[in-house]
Structure formats: C-alpha cells, structure tokens
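To start, the structure itself, in structure tokens.
Only a predicted model underlies this, so the values are computations on that prediction, with no experimental measurement involved. In what follows, every chain begins at residue 1, and chains take the letters A, B, ... in the order their sequences are listed.
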Amino acid sequence: MIDLRLLRDDPDLVRASQRARGDDESAVDRLLAADTERRAAVHRADDLRAAQKAASQSVKKATPEERPAVLERAKALAAEVKVAEEEARVADEALRAAHMSIANVVAPEVPPGGEDDSVTLRTVGEVPTYDFPVRDHLEIGTALGAIDMERGAKVSGSRFYFLTGPGALLEFALAQLAITRAVAAGFTPVVAPALVRPEAMAATGFLTEHDEEVYRVERDDLYLVGTSEVPIAAMHGDEVLDLSAGPKRYAGWSACFRREAGSYGKDTKGIIRVHWFDKVELFSFCAPEDAAAEHLRLLQFEEEFLQALELPYRVVDIAAGDLGTSASRKYDLEAWFPTQGTYRELTSTSDCTTFQARRLGIRSRDADGKPQTVATLNGTACAIARTIACLLEFHQRADGSVHVPVALRPWLGGHAVLTPGMSLAPSA
RNA sequence: GGAGGCUUCGCCUAGUCCGGUCUAUGGCGCCGCACUGCUAAUGCGGUUUGGGUUUUGGCCCAUCCCGGGUUCAAAUCCCGGAGCCUCCGCCA
C-alpha cells in the first residue's frame, strides 16, 4: 500500500509512477476520492458517537421522571450511530480496495516501459567459447548421477526431481556458501517455516498478485510459501522494531513451492523451473531513508556470490512495467547458460520501500521517537536448483566432467572436478 | 485428539464474579522539572497506538488478544476464532 500522505501532497508523482508502469492513471483519482469520502464518513460517525456517548452517560444521572425521555433519545442516537458506522465501514472498504489497486511508486531512476525497456547496467566476467558441443544441465546432471528427473516425475509428477550424489552435495554446498557469506556480511541466519497461515500470505501480497502460483493445504487452511520472503516479512508483523543499531538483516533458508500455472511449455526440461526448490533469501528491514543504500548492499552481495561461483553475469535494471507490485526498484542478476546462448535470471533484489511494511504493520522509531513504517528489501542469495543447473552447464568440460568453483570445494570433499562415477569421499 | 488455566497502554500488574464514576490501578523502565558539591535517593509532572479535526493550545473518536452479538451503555455478559501455558494420549 502506498503512503496516503504522499498521495495527498503530491498526486502527480503517483500519476507519473502509474504512467511509467503502464498502469491506469485514473486509479489515482479514484483513490483520492475514496480517501476524501472515507474521511467525511468517519467524521460523521465520530461526531454522532460523541453525541450518543453523552446521551448514554446522562441516562444514569436522569431522575426517574426524566429517564424514559432520556433513554428514548439515547436509543434513537444509537440507531443513528449504527447507520453512520456502517457507512464509514463501507467507505473504509472502498478506500482499501482503491488503495490496493495501486502498485508501489517507482523510483525516479527506473527505466519506464515494459520488459524490453529494462537496462543492462553492466556485464561482469567473460563468456567463454566452448570448442565442443555443449550439453544442457540435465544431460550433464544425469550422466553425473546428480539429477534424476524421471524418478522425480514418477514419485511427484512433472517439474519434480531428485538430487542425488554430487547433486545432493551441491545443494548443501551452495546453501553453506550462501549462509556462510551472509553471516559474514551481517545477516542473521534463519530457518523459516515453509507452511504459513493465510494472513501471512495475504499480508505479503501473494494471494492477490500470485494467487495462481500458490499451493494451498485446504484441509488445514495453510499455504506453502513460494519464497521465505513470506515468513520472514510476516515474522515481524505488527511490531515496532528497534533499528537504532542499523537495519535488521536476515538470511532465510526454506523450501519454496510454485505451481507454475501458465508456464506450460516454458523451461520444461531440467531443473530451471520446478514446483519445488530450496532457497536462501536475504531480507532487510530498515529506515526508509536507508533503503536505497541497503538495496545496493544486497545487490553487491549477490554479485559477489556469482563471482564466487565463477559465473559471468549481467546486472539488469528492471523497467517499471516489469516490476512487481511492491517493488519500487528491482535488479535482476542474470548468469550465462551456454546451451541457451543467453543470460538467465539467477537472482534478483527488490526495494519495496514502505509499501509492504505498511500492510504488515511493521514500524520503527524515527529520530524523534515517533513510530514510522519501515522499508523492506529482499534479494536472492541462492535459488539452489537453478544455480545447480547453471553451474553444471557453464562449468562443463568436453569429457563430461564439471569444474567445481574453488569456493564450493570445502563442502564437496575438496574435489576440483566432478566426474561421472567418481567417489564422493573427500580427496586426500 | 482430550481436559484445564491464561491473554489489560514497553515489561509486570489491579480491575472481569455483580455492565455506567475504567476518561483503566499500582510498580518497574523511560522523559522533563525541582532539590542536591557530583552521583544516588526523594518529590512533582509526563509517558499505548491508530484515525479525524485544528486558530498548532488543543479537541473528538476508536483501542483491554481478534471478530461477531446483547444493551441507552461492555475490559466486564453471550457466541465464534487465534495464541500461550499445564496435564493426558499419540508421534519423528
């Protein structure tokens, strides 16, 4: 939800944001009107309630003779209050609906336009030429005994997989590397629940924006999260955080579940797009004025992580029309997939400013000790399945073996290369 | 799964049986002032949050876990829900 004060003070800023996103500008005027109407309705109800309260107090003080008349007036007022309250409730609901229909105000630096208007800020690392026919990650992973897609389908259906042998070790190695680096960078490690109540899902916006993407456990009225952003954001819901020592930073590990409705035919092969994967997610709560700097910090972490994996990548400044509802700015980090001959999103980071925290009721104290809504930011440290896919493809060699980035070796028995049929026991 | 207890303005707590003076008690903490060589102690005052309004002094409304209901009037009575704790059962 956007800041209504900002809307009242500078509606043109919000209109410009809507324009940049390709969203409906008139929604701004509908919200302004709903805001005015709600305030009028609340004012009427409050005044009536004050009168009714006074009347109610006078019932007790009334003499027996006056009592019937006083009671009569109080009753009449009570009925009026009931009507006015209902009107206020309706106005409030209308405001809420209008409020929800407007996405976060985009940062002024964001490129306007749609998907094709996103801007590559920089490209880091060399894209090598492979002097042999490159194989995709599924071929390599299957040959290594790292990925078993067929049995994944047998047990759970399409877009499910088993990670076995070196694949399973890679999962833990990536998780360890991500968490270790995050802790070193000041993030508090968190193991978060992957099953949450409807409130947590709704408060983070996933029931409205990504409703089709979400798995429900109807029997228990719980939802499987698509990212640990959900439990971590909701973790501090309705709290006043102490940010006097700086942002609160978390690195959350959890399983992630996505129905991938509407992505039939997209990335059907391998583990690039799957119904379940594990992920280490970065999440920061900070003062609104620190959000832009914090965003760059998350971006830097993500870049350094890809560098540690020895992967070339590019940083894309996502255009307004392609931003999520809560994001005011978003960077995608895309790494090179040789079989696709292109960069594909491996991680991303979004600055949600106060948009998400307003709905979640997460505040901190400003310099004057007044509560203010915090800013929230999220970023991928490592989406494990897709990262494994990229590593296998990018670091493949002509003989079907795969180079292991130095940073991962401590968790892979010290091995520098993964070879089909190799022993996974630590090398001497 | 069964039985019971509990949830009050940062923390602790009184109030709930028996509806109105609860405009919520007291303590701790915190802020200000006074006193005081300094500190401590003491005294006095202030200290939930959100909304509305404002001549920026204030004023009004809501807020006692959440949502309904009864009533002129609900922290208090009734119904539904959530969370925490204890015990029993089951369980990796």
Side-chain angles (χ1 to χ4, degrees), chain A residues 1-9 31-100 191-204 207 217-223 230-231 234-245 248 255 285 288 354-374:
Chain A
M1 292 190 284
I2 64 165
D3 185 355
L4 285 181
R5 273 177 235 282
L6 174 78
L7 174 82
R8 288 173 204 156
D9 294 347
L31 180 55
L32 279 168
D35 181 45
T36 306
E37 174 48 37
R38 186 202 73 107
R39 283 189 295 174
V42 165
H43 197 216
R44 284 193 296 272
D46 278 2
D47 283 353
L48 268 172
R49 204 179 295 110
Q52 198 268 337
K53 255 176 90 170
S56 178
Q57 290 298 323
S58 64
V59 168
K60 193 154 191 280
K61 298 181 191 113
T63 61
E65 306 83 74
E66 323 177 299
R67 204 181 149 81
V70 173
L71 202 59
E72 199 55 43
R73 197 170 65 241
K75 275 186 185 176
L77 273 168
E80 281 185 61
V81 167
K82 208 160 192 171
V83 172
E85 275 181 344
E86 177 58 16
E87 285 168 1
R89 194 193 60 77
V90 168
D92 203 68
E93 206 163 89
L95 172 68
R96 193 176 162 76
H99 204 172
M100 294 292 212
V191 178
L195 212 47
V196 301
R197 302 165 153 282
E199 296 82 44
M201 215 60 174
T204 41
L207 289 190
V217 182
E218 287 192 15
R219 179 172 171 155
D220 297 289
D221 199 18
L222 290 170
Y223 294 80
V230 173
M235 179 165 73
H236 287 304
D238 294 315
E239 292 184 23
V240 178
L241 304 179
D242 180 5
L243 297 179
S244 56
K248 255 187 191 308
F285 300 91
T354 58
F355 189 86
Q356 190 175 51
R358 187 163 291 107
R359 179 153 55 179
L360 286 159
I362 307 176
R363 294 167 299 166
S364 66
R365 304 250 172 217
D366 65 15
D368 299 325
K370 287 273 171 232
Q372 65 172 357
T373 301
V374 303

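Within the 4.0 angstrom heavy-atom criterion, only backbone atoms of the sugar-phosphate kind lie near A/R5; the bases stay farther away. Using a 4.0 Å heavy-atom criterion, one finds that A/A78 contacts the sugar-phosphate atoms exclusively. Residue contacts for A/Q52: at a heavy-atom cut-off of 4.0 Å it reaches the sugar-phosphate backbone alone, with no base atom in range.
Spacing between atom NZ of A/K370 and atom P of B/rC31 amounts to 16 Å, rounded to whole angstrom units. The distance between atom CG of A/L71 and atom P of B/rU71, rounded to the nearest whole Å, is 12 Å. Look at CG on A/D46: it is 10 Å from P on B/rG52, rounded to the nearest Å. In this structure, A/E86 atom CD and B/rG69 atom P are separated by 10 Å, rounded to whole Å. What separates CD of A/E80 from P of B/rC72 is a distance of 15 Å, to the nearest Å. For A/D238 and B/rU63, the CG to P distance is 17 Å, given to the nearest whole Å. Put simply, CZ on A/R363 is 11 Å from P on B/rG10, counting in whole angstrom units. Atoms CG (A/L48) and P (B/rC61) sit 12 Å apart, rounded to a whole Å.
Pair assignment for B/rC33 gives B/rG43, based on Watson-Crick or G-U wobble hydrogen-bonding distances that are each under 3.5 Å. With a 3.5 Å ceiling on both atom-pair distances, B/rA92 lacks any Watson-Crick or G-U wobble partner. If you check B/rG4 for Watson-Crick or wobble pairing at under 3.5 angstrom, you find it paired to B/rC85. Across all strands shown, B/rC72 is found opposite B/rG20 as a Watson-Crick or G-U wobble partner, with both distances under 3.5 Å. The pairing partner recorded for B/rG80 is B/rC66, the criterion being a Watson-Crick or G-U wobble arrangement whose two distances lie under 3.5 angstrom. Taking a pair to require two hydrogen-bonding distances under 3.5 Å in either a Watson-Crick or a G-U wobble arrangement, B/rC59 pairs with B/rG52. Under the Watson-Crick or G-U wobble criterion, with both distances below 3.5 Å, B/rG10 is paired with B/rC28.
Nucleotides B/rA41 and B/rC77 place their P atoms 41 Å apart, quoted to the nearest Å. Rounded to whole Å, the C1' atom of B/rU8 lies 10 Å from the corresponding atom of B/rC65. One C1' atom belongs to B/rC11, the other to B/rG67, and the distance between them is 28 Å to the nearest Å. A distance of about 33 Å separates the C1' atoms of B/rG20 and B/rG4, rounded to the whole Å. Separation of the C1' atoms belonging to B/rU13 and B/rC66 is 23 Å when rounded to the nearest angstrom. Look at the C1' atom in both B/rU21 and B/rC38: the space between them is 47 Å, to the nearest Å. Taking the P atom of each, B/rA40 and B/rG46 are spaced 23 Å apart, rounded to whole Å. For the P atom pair drawn from B/rG69 and B/rC60, the interatomic distance equals 27 Å after rounding to whole Å.
Taking the side chain to side chain donor-acceptor pair (under 3.5 Å) definition, one finds that A/Q52 meets it with nothing, sequence neighbours left out. A/F285 is linked by a ring pair (Phe, Tyr, Trp, His ring centres under 6.0 Å) to A/H236, A/F283, counting only residues two or more places apart in sequence or in another chain.
Between A/R365 and the phosphate of B/rU49, there is a side-chain N or O to OP1/OP2 separation shorter than 4.0 Å.
Nearest approach of A/G237 to A/I362, heavy atoms of both residues: CA-CG1, 3.9 Å.
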Nucleotides 18-24 of chain B: which of its N/O atoms have a protein N/O under 3.5 Å away?
| from | atom 1 | to | atom 2 | distance (Å) |
| --- | --- | --- | --- | --- |
| B/rG20 | N2 | A/S56 | O | 2.9 |
| B/rG20 | N2 | A/S56 | OG | 3.0 |
| B/rU21 | O4 | A/K60 | NZ | 2.8 |

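Salt-bridge formation is not detected for the pair A/K75/A/E72: no Lys NZ or Arg NE/NH1/NH2 atom is positioned less than 4.0 Å from an Asp or Glu carboxylate oxygen. Between A/E239 and A/R363 there is no salt bridge, since none of the side-chain N atoms of the basic residue sits less than 4.0 Å from a carboxylate O of the acidic one. A salt bridge is defined here as a Lys NZ or Arg NE, NH1 or NH2 lying under 4.0 Å from an Asp or Glu carboxylate O, and A/R49 with A/D46 meets this definition. Electrostatic pairing of A/E37 and A/R44 counts as a salt bridge here, judged by a charged N lying under 4.0 Å from a carboxylate O. Salt-bridge annotation for A/R89 and A/E93: present, with a side-chain N of the basic residue lying under 4.0 Å from a carboxylate O of the acidic one. A salt bridge links A/D35 with A/R8: the closest approach of a Lys/Arg side-chain nitrogen to an acidic carboxylate oxygen falls below 4.0 angstrom.
The side chain of A/K75 sits closest to B/rC72 out of B/rU53, B/rC72, B/rU49. Looking at the side chain of A/R38, the nearest of the listed nucleotides B/rG52, B/rU49, B/rC72 is B/rG52.
Applying the 90° criterion around 0 to the glycosidic angle, B/rG89 comes out anti.
Nearer to the 5' terminus of RNA chain B, by closest-nucleotide assignment, is the contact made by A/Q372 (compared with the other of A/A45 and A/Q372). Where A/A50 and A/R197 each meet RNA chain B at their nearest nucleotide, the meeting point lying more 5' is that of A/A50.
The structure places CZ of A/R73 at 11.0 Å from OG of A/S56, a figure rounded to the nearest 0.5 Å.
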